[in-house]
Amino acid sequence: MNKTSQYDVIISGGGLSGLLTAIGLINETPELSIAIIEPVKPITVNSTNNTQQATKNFDDRCLALSYGSLQLLNHWHVWPQLKPLAWPIKTIITSDRGHIGKTIMRAAQYDLNAMGYVAAMRNMGAAFTQSLNTLIQDKNSNLTWYTPNNIKQVSQQPEQIQLVLDDQQTITGKLLVVAEGGNSPTRQTLKISTSTQAYEQSAIIANIQVNKNNKINDVLSLDETHSQNKHNGESQQLNGHTAFERFTTSGPIAFLPIDKDQYSVVWSVKPEQVEQIMGLPDTDFCQQLQSAFGHAGGVIVKTSKRESYPLGLTKAESIISDRVVLVGNSAHTIHPIAGQGFNLGLRDVAYLVKQIKHAVDNNVDIGAFSVLQQYQAGRVKDINRITGFTDLLVKMFALEGRLPALTRTLGLLALQKVTSLQQWFALHFMSSKV
């Protein structure tokens, strides 16, 4: 009979959300024992102490980190590891193709060096892993990896949750954190239902290189630039640190800066266009993307390998079950518009860690239903706010015709001209309050 190993917290998923959950717990409650279950075996970079490197499921796709997310990562001592591998966003330009409406937001307006940063998932995985390894040593924390492993059986019991892994190992914990991503098998095993809304869009992902030119002046009027920006080097900041969100009737196109002449691109297109665009030679792909987006970011000269996936909105009907919580994409998967997905999941993790620490400090069972209820109650408003807003943007900018176009133009112009409205909009997405 196999021996049963016992832990306080079991984390299913060793991706970004799972790693960050472990980092948060070790920072705030180092006395808790933790297990991480991960299907993809991490690469061991130091055989003498069995430290773990980022798993192979991290790739070159890029994520936008809001200012509020940076504050949390810095609080948990992750940001110093990640900052050298990330690129700052100093200006965000939002526009509607074929119409005059646009909004320009600058970090300097809010006395910030950057409104956010962009980082590749591969680099984030490496930074999170390095931070976790350092924490384990500094805090003398009890963390055990089960990898490569999958959960085969789940038994929710009054005092604990029991898991049987695919190699027949049995482990128990007071709380299971499901951080497996959008297609979470454990969520399905637990029969937690989801609501799913498919958008008539697919995302094409690529990193591109551009030749910079003066085309950004087509987006920023010289009078406006002169009157609102008196800081030295502003033009250089715009050319190297500007993120673009350009709406088209086929879907939004996001250009996120990752170097002075490189962008990470999320190009939303209609499903019937995907096969044709993905099959284009690189030169033709660059030309077609240039035609769809314009020249504000420069002349596109090179592209990386492309990936594509269908877009939709998925929400778990409940983000808790008996001794189980869902975080990140296991709880909600949203459209990449406005780059809010990872930041929303990060706030899940932050609030969960906060509730666990409160329970530990008050000698309350961390898997008690009252603790889980508090987690869900504290996250519902934020989740509904972001999922509702991104859903509205997707649908509003997909509408064709004069009236929808006029409405969008007026909205963008108001956002640009009314300072209080723009501040609300910017702070709404930069905040990380949990």
Side-chain angles (χ1 to χ4, degrees), residues 11 13-24 36-46 50-66 69-70 72-74 76-89 114 116-136 145 147-148 179-183 203-210 240-241 243 254-267 278 282 302-309 327-330 333 336 339-346 349:
I11 302 168
L16 296 180
S17 293
L19 289 173
L20 193 59
T21 302
I23 289 169
I36 300 178
I37 304 169
E38 167 56 43
V40 181
K41 185 175 178 59
I43 303 168
T44 301
V45 295
N46 190 334
N50 196 36
T51 55
Q52 302 288 340
Q53 180 56 285
T55 58
K56 297 176 184 177
N57 55 11
F58 298 122
D59 54 34
D60 289 325
R61 286 177 296 169
C62 293
L63 297 174
L65 294 166
S66 70
S69 294
L70 303 182
L72 181 67
L73 294 178
N74 192 55
W76 283 346
H77 313 293
V78 179
W79 183 233
Q81 307 291 341
L82 181 57
K83 185 176 181 180
L85 306 174
W87 192 258
I89 298 174
Y117 277 74
V118 181
M121 288 182 64
R122 186 183 307 280
N123 290 335
M124 292 179 68
F128 284 19
T129 303
Q130 183 178 351
S131 297
L132 179 59
N133 291 333
T134 300
L135 275 172
I136 291 170
W145 283 82
T147 181
E180 299 172 340
N183 296 317
I204 295 176
I205 310 296
N207 293 338
I208 62 169
Q209 182 175 332
V210 301
H241 300 280
F255 274 34
L256 301 176
I258 55 176
D259 207 331
K260 62 182 180 180
D261 59 356
Q262 295 180 40
Y263 293 96
S264 173
V265 175
V266 182
W267 183 6
M278 290 294 290
D282 285 355
K302 188 176 181 181
T303 181
S304 69
K305 180 181 177 182
R306 289 155 258 163
E307 296 182 17
S308 68
Y309 59 90
V327 299
N329 285 350
S330 294
T333 304
Q340 288 300 303
F342 179 72
N343 297 294
L344 182 62
L346 187 150
V349 172

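- Not a single side-chain hydrogen bond (donor to acceptor under 3.5 Å, both in side chains) links Q209 to another residue, sequence neighbours left out.
- One finds the CG atom of L16 at 10.0 Å from the CG atom of N329 (value rounded to the nearest 0.5 Å).
- Side-chain contact between N207 and V265 is absent, with no heavy atoms from C-beta onward closer than 4.5 Å.
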Under the side chain to side chain donor-acceptor pair (under 3.5 Å) criterion, do N343 and S69 qualify, and how do the steps go? CA-CA 6 Å; N343 297 294; S69 294; 2.6 Å; yes
Please report the C-alpha distance between I11 and I37 in whole Å, then the side-chain angles of each, then the deciding distance to 0.1 Å, and finally whether the side-chain contact (heavy atoms from CB on, under 4.5 Å) criterion is met. CA-CA 6 Å; I11 302 168; I37 304 169; over 6 Å; no
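- Within a 6.0 Å radius of CG in N183, other residues, nucleotides and ligands contribute 12 heavy atoms or fewer.
- A donor-acceptor pair under 3.5 Å is absent between the side-chain atoms of T147 and the main chain of P39, judged by distance alone.
- Rounding to the nearest 0.5 angstrom, the gap separating the NE2 atom in H77 from the CG atom in L132 is 13.5 Å.
- Minimum interatomic distance between A243 and I89 (heavy atoms only, all atoms of both residues): CB-CG2, 3.8 Å.
- Listed for the S330 side chain is a donor-acceptor partner under 3.5 Å among the backbone atoms of G181.
- The two residues R306 and M278 come nearest to each other via the heavy atoms NH1-O, 3.4 Å.
- A distance of 12.5 Å separates CD in Q81 from CG in N123, rounded to the nearest 0.5 Å.
- At least one side-chain heavy atom of M124 sits less than 4.5 Å from a side-chain heavy atom of L63.
- E38 contributes a side-chain N or O that, together with a main-chain N or O of G14, makes up a donor-acceptor pair within less than 3.5 Å.
- Counting all heavy atoms, side chain and backbone alike, L82 lies closest to A119 at CD1-CB, 4.1 Å.
- Listed by chain and number, the residues in a ring pair (Phe, Tyr, Trp, His ring centres under 6.0 Å) with F255 are Y263, F293 (sequence neighbours excluded).
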Verify side chain to side chain donor-acceptor pair (under 3.5 Å) between S131 and T134, making sure each step is shown before the conclusion. CA-CA 5 Å; S131 297; T134 300; over 6 Å; no
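- To the nearest 0.5 Å, the span separating CG on D259 from NE2 on H241 amounts to 9.0 Å.
- The heavy-atom pair separating W87 from G240 by the smallest distance is NE1-O, 2.8 Å.
- The backbone N or O of A203 lies less than 3.5 Å from no partner atom in the side chain of S308, so there is not a single donor-acceptor pair.
- Side-chain atoms of L20 and L73, non-hydrogen and from C-beta on, do get closer than 4.5 Å to each other.
- Ring geometry for F128 against F342 counts as tilted: the plane angle lies between 30° and 60°, on a 0 to 90° scale.
- With rounding to the nearest 0.5 angstrom, the CG atom of L70 is 8.5 Å from the CG atom of N74.
- Residues A179 and V327 approach most closely at CB-CG2, 3.7 Å, considering heavy atoms.
- Residues T303 and A206 approach most closely at OG1-CB, 3.7 Å, considering heavy atoms.
- Residues passing the ring pair (Phe, Tyr, Trp, His ring centres under 6.0 Å) test with W76, sequence neighbours excluded: none.
- Y309 contributes atom OH, which lies 7.0 Å from atom CZ of R61 (distance to the nearest 0.5 angstrom).
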